[in-house]
Protein chains: 2
Amino acid sequence: MYAASNLTEQRFAQSHGLSGAQLPGPHLVSSYKAGRAVYAEGDAIDKCYQVATGAVRVYRLLSDGRRQVVSFHLPGEMFGFEAGSNHRFFAEAITETRLAVFGRRSMHERSQELLDIALAGMARAQEHLLVLGRQCAVERIAAFLADLSDRQGGVRQLRLPMSRQDIADYLGLTIETVSRVMTKLKERSVIALRDARTVNIMRLDALRSLCH
Amino acid sequence: MYAASNLTEQRFAQSHGLSGAQLPGPHLVSSYKAGRAVYAEGDAIDKCYQVATGAVRVYRLLSDGRRQVVSFHLPGEMFGFEAGSNHRFFAEAITETRLAVFGRRSMHERSQELLDIALAGMARAQEHLLVLGRQCAVERIAAFLADLSDRQGGVRQLRLPMSRQDIADYLGLTIETVSRVMTKLKERSVIALRDARTVNIMRLDALRSLCH
DNA sequence: CGGAATCTTGACCAAGTTCAAGCGGTGTGG
DNA sequence: CCACACCGCTTGAACTTGGTCAAGATTCCG
């Protein structure tokens with residue numbers, strides 16, 4: 001798969017103070033440059049990952065190039081386990097990223113933790129179904145920003161690691177629509193934009209009420 | 001929750017020849033009339049279910065009444081476990097339905113099987129994200145019909161237990177669009193409709209190529 | 001400073017929704 | 001047994017949201 005030789009790897013001390021579920025046992029940390037693949041569709045599933053720093057996108061492609069981003073993963077969050085023995089999604093580092101890597105052994109040893117993580121992943125995906133199936137563009141963006149804020153402990157100053165294209169492919173929209181909605185939210189002073197990647201949530205209540 | 005007294009309950013012989021994952025141990029079978037709730041949002045999660053006969057819809061509601069059907073469950077399929085301790089979805093029998101009910105104990109005893117089921121559920125939801133996020137109406141309907149066919153072992157004669165409204169709420173469309181697309185597929189002789197609920201897949205290859 | 005990406009904005013367009021009417025089977029009461 | 005009302009489904013016409021295409025603005029970097 002991806003040779004360890006071109007990665008920065010090192011022992012990873014247990015109990016790191018990261019949020020999210022923890023798997024025990026010694027494991028490695030690998031560094032990924034922005035845009036680098038963590039795994040590809042078809043690769044064998046033999047590891048799982050926890051983001052230490054940076055961000056990861058997991059997505060699928062249609063034959064004609066349409067892309068659906070299934071999830072983003074922020075520091076502390078686990079990803080990389082799927083049903084079956086081979087990946088059906090792609091995972092890539094969005095920015096410079098460091099990942100804690102867990103091998104097959106520590107996965108099998110702690111199936112209870114894995115169950116919790118799998119159930120959380122299912123819940124997340126099902127929540128997202130509601131957004132894609134039944135919410136309009138503004139609601140999608142609002143839900144996205146509110147979710148990002150929540151996942152960082154309710155911060156109001158968001159640094160978006162992902163591009164407009166990533167957001168569009170996550171929300172089932174186009175970059176133009178994402179951009180227009182951001183502008184509209186800015187005009188209504190629900191958010192402020194220092195630059196495209198730096199969002200300041202000015203009225204969290206207004207943002208939440210847009211999520212329905 | 002739902003009192004056992006108004007249910008038909010009986011001992012359920014193990015190893016029933018149903019497709020899908022099996023959990024061991026004695027359990028009960030309950031009967032549900034069309035439209036009856038299996039559980040509601042907020043109910044404690046203390047059981048899980050396997051469809052014996054009939055069909056179940058699992059869905060979520062927005063405050064303004066918009067509904068997103070997250071999944072349908074056909075004979076042999078398991079449902080009812082979620083992250084956390086309380087349901088965040090509703091589950092209802094679509095038609096007259098019989099369910100095998102598993103208690104908390106048999107759930108905890110076999111977390112490995114549960115893990116597989118949870119991972120399968122996650123995969124299913126993520127697959128559906130692609131449909132809702134990136135496919136047009138015809139592709140959604142085609143994917144839906146092909147999926148139903150697959151889940152029944154590739155049969156070409158489908159009896160749809162669910163209404164057009166259920167399908168619409170599953171695919172993020174309106175009943176009118178579902179109806180129009182069905183008509184269009186019929187005109188192209190990809191399918192034949194004896195009546196609204198009986199679909200005959202005439203050209204499975206054509207249907208699949210519409211799914212992309 | 002120049003060039004490439006990324007993002008924003010505008011004008012037009014199309015897919016799907018909304019609204020409204022009609023169809024067809026089913027069940028009920030006269 | 002028929003008339004009628006009801007429900008789920010289909011169809012048509014007008015409309016709206018978001019997509020497409022194209023042109024600028026901004027940022028990021030070498």
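Order of the sequence lines sets the chain letters (A, B, ...), proteins ahead of strands, with each chain counted from 1. Quick note: numbers below take in every heavy atom, side chains included, and nothing from hydrogens, waters or symmetry partners.
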- Separation of atom CE in A/M182 from atom P in D/dG18, rounded to whole Å: 15 Å
- Query: Is there a donor-acceptor contact under 3.5 Å from the side chain of B/T97 to the main chain of B/T95?
  - Reply: yes
- Rounded to whole angstroms, how far apart are CD1 on B/I175 and P on D/dC7? 14 Å
- Item | Any side-chain heavy-atom pair of A/Y32 and A/V56 under 4.5 Å | no
- Message: A cation-pi test, strictly: NZ or CZ of A/R67 under 6.0 Å from the centre of the six-membered ring of A/Y59 and no more than 45 degrees from its axis. Yes or no?
- Response: yes
- Given B/F81, B/Y39, B/F79, B/Y49, the one that forms ring-ring contact (aromatic ring centres under 6.0 Å, His included) with B/H87: B/Y39
- Query: Whole-Å distance between D/dC28 P and A/E96 CD?
  - Reply: 17 Å
- B/I94 CD1 to D/dG8 C1', in whole Å, measures 15 Å
- Rounded to the nearest 0.5 Å, how far does CZ of B/F102 lie from CG of B/D46? 14.5 Å
- Item | Rounded distance in Å - NZ (B/K184) to P (D/dT10) | 14 Å
- Message: Taking the basic N atoms (NZ, or NE/NH1/NH2) and the acidic carboxylate oxygens, is any pair closer than 4.0 Å for A/R88 and B/E127?
- Response: yes
- Message: Can you work out whether A/V178 or B/V178 has the more 5'-proximal nearest nucleotide on DNA chain D?
- Response: B/V178
List, with names and distances, any nitrogen or oxygen atoms from the protein found under 3.5 Å away from nitrogen or oxygen atoms belonging to nucleotides 10-12 of chain C.
unit_1	atom_1	unit_2	atom_2	d
C/dG10	N7	A/R180	NH1	3.0

- Please list residues of residues 185-203 of chain B whose heavy atoms come under 4.0 Å from any atom in DNA chain C, ordered by number; otherwise none. none
- Task: Output yes when A/R159 and A/D195 qualify as a salt bridge under the 4.0 Å nitrogen-oxygen rule, no when they do not.
- Result: yes
- Task: Respond yes when some side-chain nitrogen or oxygen of B/T183 is under 4.0 Å from OP1 or OP2 of D/dT11, and no when none is.
- Result: yes
- Please work out which residues in residues 161-171 of chain A have a non-hydrogen atom less than 4.0 Å from an atom of DNA chain C and list them by number. A/S163, A/R164
- Query: Tell me: CD of A/E139 to P of D/dT17, nearest whole Å?
  - Reply: 12 Å
- Message: Taking the side chain as everything from C-beta on, heavy atoms only, tell me whether B/R208 gets closer than 4.5 Å to B/L204.
- Response: yes
- Query: For D/dT17, does either OP1 or OP2 sit under 4.0 Å from a side-chain N or O belonging to A/T177?
  - Reply: no
- Message: Any side-chain N or O of A/T174 below 4.0 angstrom from OP1/OP2 of D/dG19?
- Response: yes
- Query: CG of A/L173 versus C1' of D/dT20: gap in Å, rounded?
  - Reply: 14 Å
- In terms of side-chain geometry, is the basic nitrogen of A/R66 or A/D169 positioned less than 4.0 Å from the acidic oxygen of its partner? no
- Task: Grab the CD-P distance between B/Q135 and C/dG16 for me, whole Å please.
- Result: 11 Å
- Step through it carefully: locate the ring centre of A/Y170, locate the ring centre of A/F144, and say whether they are under 6.0 Å apart. yes
